[in-house]
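Right, one structure below, let's go through it.
Proteins get letters first, then strands, A, B, ... in listed order; numbering begins at 1 in each.
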2 protein chains.
Amino acid sequence: MEAGTDVDVCTKWSETLRVYHNTSCELENELQAKHDLGLSEFEVLLILGRACGEQAGYKARMKDIEAEMYLSQSALSRTVTRLEKAGLVTRAACDFDRRANFLMLTPSGLERFEAAKPTHRAVLVKHLTDPAASARAETCA
Amino acid sequence: MEAGTDVDVCTKWSETLRVYHNTSCELENELQAKHDLGLSEFEVLLILGRACGEQAGYKARMKDIEAEMYLSQSALSRTVTRLEKAGLVTRAACDFDRRANFLMLTPSGLERFEAAKPTHRAVLVKHLTDPAASARAETCA
DNA sequence: TGACATCCAATGCGCGTGCATGTAAGTTTC
DNA sequence: GAAACTTACATGCACGCGCATTGGATGTCA
């Protein structure tokens with residue numbers, strides 16, 4: 001039983017690694033090439049964008065966004081800085097708690113997000129529906 | 001059907017991200033803390049070690065190792081340099097093709113690998129057998 | 001043999017990340 | 001209300017990564 005478990009676990013891990021690397025590499029490449037967005041940056045837009053729908057009024061606190069993604073607090077801070085410099089997002093002080101920052105999509109940010117969404121979805125469908133299609137990518141090692 | 005596919009794909013991707021991040025973060029932390037090894041470094045030892053068994057004579061070319069892992073050629077080169085500095089691995093010229101380098105485990109490298117293997121396996125079992133156990137890690141975002 | 005393309009590995013470089021720390025603001029305790 | 005603690009975010013720093021380039025070794029073709 002031990003050996004059996006080992007084999008299963010190793011195989012499962014290999015499979016997870018394969019899917020993760022192929023998918024995230026292609027996501028990164030496609031989003032960068034077509035929309036000038038890193039994957040982390042897109043993920044922030046995704047969190048803001050999917051809640052906001054068509055009106056650009058949705059706000060989220062940094063802490064809440066952090067809780068939704070696998071990114072350290074410092075990395076998120078810098079990612080948001082990049083998005084802010086690109087004009088896709090604005091920081092706004094919180095009325096109640098002046099330690100906190102609200103984050104909002106700008107119209108330009110919403111536009112960029114909507115443009116990138118199909119690219120994101122397409123890569124996911126490609127790699128997660130047909131395992132055979134998710135062959136080793138040519139870039140990203 | 002389109003919406004259904006989308007939901008499935010997004011859920012599947014979230015799940016993959018969760019498992020990948022939790023597992024690789026804990027692997028990294030455990031291997032670093034208990035055996036002073038990075039994950040990439042361990043993976044190189046794994047490729048060399050599992051083929052070599054008990055005799056330390058197994059050789060592999062850089063290119064072949066690269067093909068087995070998700071690491072760029074340059075990253076592998078530096079990872080091997082670190083392993084070499086730590087005395088866990090030796091580079092040796094290839095007889096047939098002097099462009100290539102053979103890589104070998106040193107006795108110390110084999111020992112380190114054997115010591116780290118149970119740690120590696122334990123983390124894999126923890127995160128890949130019982131999904132509930134793979135809760136969000138406290139470190140690594 | 002000489003010129004050119006190919007292949008393997010190392011290295012310069014910039015970037016994004018996590019950890020540790022700093023700063024400011026809120027909370028608790030007395 | 002002052003001191004001690006906690007929380008939210010930014011920043012200094014070191015590190016590992018991928019990309020592009022380099023350098024050396026091989027193969028190919030005339």
Side-chain angles (χ1 to χ4, degrees), chain A residues 17 20-22 24-29 31-33 36-44 59-67 69-86 89-103 136-141, chain B residues 17 20-22 24-29 31-33 36-44 59-67 69-86 89-103 136-141:
Chain A
L17 282 178
Y20 172 79
H21 275 103
N22 288 336
S24 61
C25 278
E26 187 161 340
L27 275 177
E28 186 78 50
N29 292 338
L31 289 172
Q32 194 60 252
D36 195 29
L37 285 173
L39 182 48
S40 295
E41 288 154 31
F42 177 81
E43 284 171 350
V44 171
K59 298 175 177 180
R61 294 186 328 165
M62 296 283 282
K63 272 291 156 189
D64 297 332
I65 294 176
E66 187 192 338
M69 45 191 308
Y70 296 93
L71 206 55
S72 69
Q73 180 267 322
S74 63
L76 174 60
S77 176
R78 290 181 226 264
T79 300
V80 168
T81 299
R82 289 194 297 272
L83 287 169
E84 201 177 21
K85 279 183 183 166
V89 136
T90 46
R91 289 188 227 241
C94 170
D95 299 335
F96 315 134
D97 186 346
R98 276 186 302 185
R99 292 170 305 180
N101 268 349
F102 274 135
L103 219 61
R136 193 177 199 89
E138 58 290 339
T139 44
C140 284
Chain B
L17 282 178
Y20 171 79
H21 275 103
N22 288 336
S24 61
C25 279
E26 188 161 340
L27 276 177
E28 187 77 51
N29 292 339
L31 289 172
Q32 194 60 253
D36 195 29
L37 285 173
L39 182 49
S40 295
E41 288 153 32
F42 176 81
E43 284 173 349
V44 171
K59 300 175 177 182
R61 295 186 327 166
M62 296 284 281
K63 272 292 158 190
D64 297 332
I65 295 176
E66 186 191 338
M69 44 191 310
Y70 297 93
L71 206 55
S72 69
Q73 179 267 321
S74 63
L76 174 61
S77 177
R78 290 182 228 264
T79 300
V80 168
T81 299
R82 289 193 298 273
L83 287 170
E84 201 177 22
K85 279 183 184 167
V89 135
T90 46
R91 290 188 226 241
C94 171
D95 299 335
F96 314 134
D97 187 345
R98 277 186 302 186
R99 291 170 303 182
N101 269 351
F102 273 136
L103 219 61
R136 193 178 201 90
E138 60 290 341
T139 44
C140 282

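- Of the candidates C:dT17, D:dC9, C:dA9, the closest approach to any side-chain atom of B:Arg61 belongs to C:dA9.
- Between A:Ser72 and C:dA20 there is no side-chain polar atom (N or O) within less than 4.0 angstrom of OP1 or OP2.
- At a cut-off of 3.5 angstrom, counting only N and O atoms as typed in the model, there is no donor on one side facing an acceptor on the other between the side-chain of B:Arg98 and the base of D:dG27.
- Qualifying side-chain hydrogen bond (donor to acceptor under 3.5 Å, both in side chains) partners for A:Glu41, counting only residues two or more places apart in sequence or in other chains: A:Arg82.
- Evaluation of the salt bridge (charged side-chain N to carboxylate O under 4.0 Å, His left out) rule for B:Lys59 yields no partner, not counting sequence neighbours.
- Each of D:dG18, C:dC8, D:dT11 was ranked by its minimum atom distance to the side chain of B:Leu71; first place goes to D:dG18.
- Between the side chain of B:Gln73 and the base of C:dA10, a donor-acceptor pair under 3.5 Å is found.
- Across the protein-nucleic acid pair, B:Leu31 atom CG and D:dG16 atom P stand 14 Å apart, rounded to whole Å.
- Partners of B:Arg99 by salt bridge (charged side-chain N to carboxylate O under 4.0 Å, His left out), not counting sequence neighbours, listed by chain and number: B:Asp97.
- Annotation: side-chain hydrogen bond (donor to acceptor under 3.5 Å, both in side chains) contacts of B:Thr81 (sequence neighbours excluded): B:Arg91.
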Name the pairs: protein N/O against N/O of nucleotides 4-6 of chain D, kept only if under 3.5 Å.
none

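- Residues meeting the side-chain hydrogen bond (donor to acceptor under 3.5 Å, both in side chains) test with A:Asp36, sequence neighbours left out: none.
- Contact check, A:Asn101 against D:dA10: a side-chain N or O comes under 4.0 Å of OP1 or OP2.
- In this structure, A:Ser74 does not reach the D:dT11 phosphate: none of its side-chain N or O atoms is under 4.0 Å from OP1 or OP2.
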